[in-house]
Trainee: 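The structure's right below; bear with me while I get my questions together.
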Protein chains: 2
Amino acid sequence: MITTKDIAERLGISVSTVGRALSDDARISEETKFRVRQAASEMGYVGNRAARMMRGASSNVVALVIPDIRNSFYSTIAHELSKNMEAEGFQLMLSETDDDRMVELRHLRELSANRVAGVIIVPTARPHGDSVKLLRGLPHLQLLRRHPSLGSQWFGVDDHESLREATAHLVTQGHTRIAYLGGPTELPTGAERLRGFHSALSEAGLPDDAGRTELGPPSSVEYGREAVRRLLEGPDAPTALVLGSIQLTLGVLEELSEQGVQVPGELSVVGFGDEPGFSWWGPGLTTIGLPIQELATGCALWLMRRLKTKPENDGPYTSVSPGSLVLRGSTAPPDGKAPSGSA
Amino acid sequence: MITTKDIAERLGISVSTVGRALSDDARISEETKFRVRQAASEMGYVGNRAARMMRGASSNVVALVIPDIRNSFYSTIAHELSKNMEAEGFQLMLSETDDDRMVELRHLRELSANRVAGVIIVPTARPHGDSVKLLRGLPHLQLLRRHPSLGSQWFGVDDHESLREATAHLVTQGHTRIAYLGGPTELPTGAERLRGFHSALSEAGLPDDAGRTELGPPSSVEYGREAVRRLLEGPDAPTALVLGSIQLTLGVLEELSEQGVQVPGELSVVGFGDEPGFSWWGPGLTTIGLPIQELATGCALWLMRRLKTKPENDGPYTSVSPGSLVLRGSTAPPDGKAPSGSA
DNA sequence: CACCTTTGTGCTAACGTTAGCATTGCTGTG
DNA sequence: CACAGCAATGCTAACGTTAGCACAAAGGTG
């Protein structure tokens, strides 16, 4: 690799002069600057950021720590972050945890060793103590999920209200046997979504056991298939289903298609998230739309500002974006009942 | 940030001893090692890789340079790479080019400044001269697309054969007015796919003008919608459509759903790639399946080996994976003709 | 002409880590 | 007891860059 020393030797000047010429220092003559730049360009010089970091410069890398990039929520986020950060000269490091706290810890160790400038993290259910320590030493931001022992900067969506609204929609249509299929309550998002589901039921005066729930790994398509199979068995199968995870939704849709379940005839369904395929699935999937793009842009802007200014303004920050129910054809009153007021 | 010096001062020993204790050097007494590790752990010491790199250690970061992470091909690749590399202690840097050669160049400059250990790149149509220079100085690997001025290591799929097979399938069913909608021929993949399409037509003895083609930005869902609208206009609209890009496929499916086009009645369709929604779209989308996961694993293994061994074995390497046609319900003979032999 | 200022450049140290070489104190052997 | 050998540790330099200070030459001012 070419260094400033190589350029200096070739031009018979000192490394200091080369360094200053490259950083456009006012004290260097225009002629020298020109010759240095010429030589640097010819020789393919690229500054060594590791050396700059040793001199106190900060890294230009921000890490995104997420469960799985194949989840369209996360790839959307990665894209949006990348786009916003590229404009500011930052690079994006991608770390997938697979929702495994030990993998998360290993990644955080590496990120810390690499002295990344900041971290945007969707934490696992219970991050390792060392992960917490490592994050304390880094500007970081929690995304979607929120763990109390991490920093108090958080960008998320209103999980409770989203699920409440979705469930209320089904209640309004007259459903009384409604199932919820979502992630485990260990995850803050899982807990909030389940809570939203129950809120809607109790607000409607429905008994708590009106709602059947299946909680499982939120990023397992396969679990979605199994769970919906279980839910539809037996005589008192629910007439409506609300989902609390995009991957589970994908599994459910596949299974329902394969088994030829009539939607919304036999079962009303409200999905979670919005994928291209959701609009063309069966009668069109009514689903909980989330402003993921805006969320990611918000994160990017916040972090960019945080990294460019003094770290004084590190007060707690919370941004809760509302979801919105996207109405399509997959929900209808059960057994042709009237749309409302029949309980 | 805690350094070895801090640990040394606290324990009243030299930095050398601390460094050696942490790297488990045989010359250091067990007792000292224990004390150093204890202190390091308590103080939250994390080695500074920038400093190690200055001493000749190589980076543990590999960059993935792709057009857009939201494309499921690329998110699958990113996931697979990440998974394989994490096991070897490598981290993944993500750079999105948006198929813009200047953005690509900016990213490569940064990656080079950060002294990444290697690069896996899906190059833009015509990478900038400086991009080529930069890549020459880095172990790199081309993925899917292949540009002659870059290195001779390439992992791709058989674009020509995949499209030939897909088109031949339609020809066999009796279609004589077939359209191809894919990426521009400036992209090596676009050119190969188009060539495959034409190969199938000429093998079938069909005139070249039997095939209508629409070439546009391969990652624009919107362009897919517009293009299929154009294709279906007019009296001699094609009876079958083959696609050459996953994003264009998404656009086409949306548009066909919205317009209520009968598939395969009015139009037979062969998609590109395989997404969750493809199986439940209309009658099920017949599509060109590609072994993206295997491809990514191959890349990861090749690069990990390359980075761990001496760079002697840098001979040309090419891996071409075959695609496979996934038959579902979206293709049928036109106008109820017999499945074959009716031309 | 002595002095100050300006302009352009060089020298040196520092960042954190590590490898080579030097040093210290001890044990064992002749 | 002298000395070799060894175990444990310290000292120093080097990686590439940059900032502070020093320095030389030239021009301007009294």
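So that the names make sense, note that chain A is the first sequence line, chain B the second, and so on, each numbered from 1.
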Trainee: Starting from the 5' end of DNA chain C, give me the residue, B/Gly19 or A/Ile28, whose nearest nucleotide shows up first.
Mentor: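 Mapping each residue to its closest nucleotide by heavy atoms, the 5'-most match is A/Ile28.
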Trainee: Verify the distance criterion only: is there a donor paired with an acceptor across the side chains of B/Ser72 and B/Ser75 at less than 3.5 Å?
Mentor: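 No.
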Trainee: Work out which heavy atom in B/Arg145 is nearest to a heavy atom in B/Pro67; give both atom names and the distance.
Mentor: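 Scanning both residues completely, I find the closest heavy atoms to be NH2-CG, 3.7 Å.
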Trainee: Does a nitrogen or oxygen in the side chain of A/Arg52 sit under 4.0 Å from OP1 or OP2 of D/dG16?
Mentor: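 Answer is no, no contact under 4.0 Å.
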Trainee: Rounded to whole angstrom units, what separation is found between the CD1 atom of A/Ile13 and the P atom of D/dT18?
Mentor: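 Going from CD1 in A/Ile13 over to P in D/dT18 covers 14 Å.
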Trainee: Between B/Ser14 and D/dG10, is there a contact of a side-chain N or O with OP1 or OP2 at under 4.0 Å?
Mentor: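 Indeed, a polar side-chain atom of B/Ser14 lies that close.
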Trainee: Can you tell me the distance, in whole Å, between the CD atom of A/Glu30 and the C1' atom of C/dT9?
Mentor: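 After rounding, the gap between these two atoms is 15 Å.
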Trainee: If you compare every side-chain N and O of B/Thr4 against the phosphate oxygens of C/dG16 (OP1, OP2), does one of them come in below 4.0 Å?
Mentor: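 For C/dG16, OP1/OP2 do not have a side-chain N/O of B/Thr4 under 4.0 Å.
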Trainee: Check whether the side chain of A/Arg55 and the base of D/dG20 form a donor-acceptor pair under 3.5 Å.
Mentor: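 In this structure, the two groups form no donor-acceptor pair.
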Trainee: How many Å lie between CZ on A/Phe34 and P on C/dG8, as a whole number?
Mentor: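 Distance, rounded to whole Å: 17 Å.
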Trainee: Can a side chain N or O of B/Ser16 be found less than 4.0 Å away from OP1 or OP2 on C/dA19?
Mentor: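 False: B/Ser16 side-chain N/O out of range (4.0 Å or more) of C/dA19 OP1/OP2.
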Trainee: In terms of the nearest nucleotide of DNA chain D, which residue is placed more toward the 5' end: B/Asp25 or A/Ile2?
Mentor: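 Its nearest nucleotide being more 5', the pick is B/Asp25.
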Trainee: Taking any heavy-atom pair under 4.0 Å as a contact, classify A/Arg27: base, sugar-phosphate, or nothing.
Mentor: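 Base: the residue A/Arg27, judged by heavy atoms under 4.0 Å, touches a nucleobase.
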Trainee: When the ring planes of A/Trp302 and A/Phe155 are compared, do they come out parallel, tilted or perpendicular, using 30° and 60° as the limits?
Mentor: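 Taking A/Phe155 first and then A/Trp302, their aromatic rings stand perpendicular (interplane angle over 60°).
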Trainee: Taking atom P of C/dG10 as reference, at what distance in whole Å does atom NZ of A/Lys5 sit?
Mentor: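 That distance rounds to 15 Å.
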Trainee: For residues A/Ser95 and B/Gln91, is any side-chain donor paired with an opposing acceptor at under 3.5 Å?
Mentor: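 On atom types as modelled, these side chains qualify, holding a pair under 3.5 Å.
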Trainee: With hydrogens left out and only the distance checked, is there a donor-acceptor pair under 3.5 Å joining B/Arg115's side chain and the base of D/dG16?
Mentor: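 Checked by distance alone, the answer is no.
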Trainee: Of the nucleotides D/dG10, C/dT17, D/dT17, which one has an atom closest to the side chain of B/Tyr45?
Mentor: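 The answer is C/dT17, which lies nearest to the side chain.
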Trainee: Distance check: side-chain N/O of B/Thr32 vs OP1/OP2 of D/dT9, anything under 4.0 Å?
Mentor: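 Checking B/Thr32 against D/dT9: at least one side-chain N or O falls below 4.0 Å of OP1 or OP2.
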Trainee: In whole Å, I'd like the distance from the CG atom of A/Leu11 to the C1' atom of C/dT9.
Mentor: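 For the pair A/Leu11 CG and C/dT9 C1', the rounded distance is 14 Å.
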Trainee: Tell me the interatomic distance from B/Asn114, atom CG, to D/dG16, atom P, rounded to whole angstroms.
Mentor: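 Computing the B/Asn114:CG to D/dG16:P distance gives 16 Å.
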Trainee: Please figure out whether A/Ser29 or A/Val15 has its closest DNA chain C nucleotide nearer the 5' end.
Mentor: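 Comparing both residues, the 5'-ward one is A/Ser29.
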Trainee: Report the nucleotide, chosen from C/dT9, C/dG16, D/dT17, that has the shortest atom-to-atom distance to any side-chain atom of A/Ala51.
Mentor: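 The answer is D/dT17, which lies nearest to the side chain.
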Trainee: Does any N or O in the side chain of A/Lys33 come within less than 3.5 Å of the main-chain N or O of A/Asp25, such that one atom is a donor and the other an acceptor?
Mentor: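 Side chain of A/Lys33 to backbone of A/Asp25: a pair is present.
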Trainee: Side chains of B/Met93 and A/Leu92: does their closest heavy-atom pair fall under 4.5 Å?
Mentor: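 They are not in side-chain contact.
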Trainee: Using whole Å, report how far CG of B/Asn48 lies from C1' of D/dG16.
Mentor: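 Between C1' of D/dG16 and CG of B/Asn48: 14 Å.
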Trainee: Between C/dA19, C/dG8, C/dG16, which nucleotide gets closest to the side-chain atoms of A/Met54?
Mentor: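 Looking only at heavy atoms from C-beta outward on A/Met54, the closest nucleotide is C/dG16.
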Trainee: Starting from P on D/dA19, measure out to CG on A/Leu22 and report it in whole angstrom.
Mentor: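 Checked: the CG to P distance equals 13 Å.
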